[in-house]
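Note that the structure is predicted; figures quoted are calculated from it, not measured. Any value given below was found using the heavy atoms of this structure, including those in side chains, with hydrogens, waters and symmetry copies removed. Sequence lines set the chain letters: A, B, ... in the order given, protein chains first and strands last, and positions in each chain run from 1.
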2 protein chains.
Amino acid sequence: MAGLDRYIAVLRLYSQSQSEWTVIDMAERLGVPQSTVYRTVRDLVGENFLETASEARYRLGSVFIEFDRLLRLTDPLLTAGSQVLEEVVAAVGVPCVGLLCRLYNDTVMCIADATAPGATFSSSYERGRPMPLTMGATSKAILAHLPTRRFNRVIDQWPEARTQAFRAELMAVRKSGVCVSSGEIDANVVGVAAPILSKTPGLLASLSLVLPQSIADDAMVARIAAATMAGARHIEEGLASSGGL
Amino acid sequence: MAGLDRYIAVLRLYSQSQSEWTVIDMAERLGVPQSTVYRTVRDLVGENFLETASEARYRLGSVFIEFDRLLRLTDPLLTAGSQVLEEVVAAVGVPCVGLLCRLYNDTVMCIADATAPGATFSSSYERGRPMPLTMGATSKAILAHLPTRRFNRVIDQWPEARTQAFRAELMAVRKSGVCVSSGEIDANVVGVAAPILSKTPGLLASLSLVLPQSIADDAMVARIAAATMAGARHIEEGLASSGGL
DNA sequence: TAGCTCATTCTCGCAATATGAGAAACATTG
DNA sequence: CAATGTTTCTCATATTGCGAGAATGAGCTA
């Protein structure tokens with residue numbers, strides 16, 4: 001292992017359940033000598049990717065917050081979408097959660113969310129958390145629009161997605177431009193998602209609204225679906241006009 | 001230049017005003033051959049630190065959002081502080097903005113903020129934006145508690161901070177445990193900040209409330225100062241009990 | 001389809017740099 | 001002051017990244 005990999009390997013050790021590491025533990029886990037890890041860690045600390053916690057422990061550094069801001073300010077999808085997201089959530093006028101999510105390798109990641117006043121629940125799609133591609137309206141709206149080659153590769157990896165019924169469902173999503181699912185990720189909520197397409201390679205996203213099952217009758221879902229699709233179109237326009245091409 | 005530096009040099013090219021770069025431009029700016037930059041960029045894209053935009057352009061990648069979430073979930077100061085921050089803002093009951101900021105190299109960076117309903121302004125201390133150490137209550141509350149050696153080093157770099165009056169002011173802040181400033185960063189607002197101290201090396205932060213000058217009479221400032229200091233103490237306790245030592 | 005223009009990857013010899021094991025320095029604590 | 005644990009340093013080795021240019025590939029245009 002060398003170059004960037006060594007640094008990334010250290011950063012990828014960090015997780016919600018283990019947020020502090022000693023050099024010793026890193027070295028053992030990665031199978032490299034301590035002296036090497038010390039050097040790596042020292043470099044990462046120098047660039048604020050890591051910082052010293054108490055007593056020989058290291059945790060993630062604040063540089064990520066700094067770059068996250070830069071991303072919020074400059075990412076075309078975020079700049080075009082977060083405003084629309086707020087508006088759509090406000091416009092539908094029901095206690096719901098709005099999500100702006102995008103394809104992220106073989107996962108889906110939320111990059112912005114908006115909670116309507118009165119919403120007493122939250123979505124598992126929290127900002128920055130990679131989610132599976134094959135479950136939930138938010139994800140399936142994206143999956144349905146993957147290029148065939150990649151679509152098949154993904155499908156092959158998730159056993160539960162290899163059925164003919166699943167393929168048919170996604171075809172329907174692709175046709176109708178909206179995906180509705182109920183309780184697939186979080187119990188007792190319904191997700192309504194519309195894909196956001198763009199000519200930019202690799203930029204594939206979805207706008208979705210999540211609402212309690214209790215208020216999600218057919219009429220409501222139809223209304224939410226219309227709002228979601230309109231919002232998605234709106235964001236696509238914003239992307240196109242911002243030079244996102 | 002080698003190792004991490006080369007990668008960081010590329011990432012540091014990105015700014016709010018220039019958020020997309022071609023390899024050619026990077027190479028020219030950094031003074032290294034294109035082939036080298038291509039390699040570097042390829043590695044960064046592979047780890048999602050960069051992503052392809054349209055037409056040979058690259059922009060920052062979403063990995064920062066992913067790690068930002070990890071930080072929000074696990075950083076001791078954030079986990080101990082964001083809750084308190086909300087509470088303090090809600091408790092004072094005036095249209096204000098609450099900030100949780102920390103020392104970040106020789107700058108101050110906001111890591112969490114909370115806006116009270118009705119606040120029609122915002123602070124320059126937006127989350128993730130490095131701010132100078134010598135201006136604004138938020139920053140000076142932190143500066144006043146830097147170890148002497150480092151304090152002097154910082155002071156020397158900012159010409160406007162080399163006066164005796166400035167040193168005296170900071171001494172007073174250190175004694176009283178609160179710093180109040182008016183219009184130093186943003187016009188027409190008053191900042192009230194209390195330092196957050198911890199035994200963790202390098203962890204130095206402040207909790208501050210920003211409110212319109214129009215409502216900031218002496219009585220109000222005194223009340224806000226008390227609330228801010230109480231909140232800061234509260235966060236310190238949270239830090240200590242969470243093993244933050 | 002041929003021919004053009006970019007963007008990106010590849011080739012290869014060379015020099016720079018990371019590597020790893022252990023020792024030395026440094027800090028803390030009893 | 002000894003003892004423990006952390007971090008940096010030393011040094012010989014060889015892995016790896018480097019740089020210049022060529023080769024590939026993807027779009028376009030005619």
Ignoring hydrogens and angles, state whether a donor on the side chain of [X] or [Y] is under 3.5 Å from an acceptor on the partner side chain.
| X | Y | answer |
| --- | --- | --- |
| A:Ser17 | A:Ser15 | yes |
| B:Ser208 | B:Tyr125 | no |
| A:Thr22 | A:Asp25 | yes |
| B:Thr74 | A:Tyr14 | no |
| A:Tyr7 | A:Asp43 | yes |

- Please tell me if the side chains of B:Tyr104 and B:Met131 come closer than 4.5 Å, counting only heavy atoms from C-beta onward. no
- Item | Student check: side-chain heavy atoms of B:Met109 and B:Cys101 closer than 4.5 Å | no
What is the distance from [atom1] of [X] to [atom2] of [N], rounded to the nearest Å?
| X | N | atom1 | atom2 | result |
| --- | --- | --- | --- | --- |
| A:Trp21 | D:dT6 | CH2 | C1' | 18 Å |
| A:Glu51 | D:dT7 | CD | C1' | 18 Å |
| A:Glu20 | D:dT6 | CD | P | 14 Å |
| A:Leu4 | D:dT16 | CG | C1' | 14 Å |
| A:Gln34 | D:dT7 | CD | P | 10 Å |
| B:Leu50 | C:dA7 | CG | P | 17 Å |
| B:Tyr38 | C:dT9 | OH | P | 8 Å |
| B:Leu44 | D:dG17 | CG | P | 13 Å |

- Note on the structure: By nearest-heavy-atom nucleotide on DNA chain D, the more 5' of A:Tyr58 and B:Thr40 is A:Tyr58
- Item | Divergence of helical axes at both termini of the helix from C:dT1-D:dA30 to C:dG30-D:dC1 - five pairs an end, 10° steps | 50°
- Test salt bridge (charged side-chain N to carboxylate O under 4.0 Å, His left out) on B:Glu51 and A:Arg102 and set out the steps. CA-CA 13 Å; B:Glu51 65 181 26; A:Arg102 57 166 295 177; 3.1 Å; yes
- Using the test ring-ring contact (aromatic ring centres under 6.0 Å, His included), find all partners of A:Phe64 that sit at least two apart in sequence or belong to another chain. A:Phe49, B:Phe67
- What nucleotide among C:dT8, C:dC10, D:dT6 has an atom nearest to a side-chain atom of B:Arg42?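 Nearest to the side-chain atoms of B:Arg42, counting from C-beta on, is C:dC10.
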- Note on the structure: A correct 5'-to-3' footprint of nucleotides 20-30 of chain C, with B, S and - meaning base, sugar-phosphate only and no protein heavy atom under 4.0 Å, is BBB--------
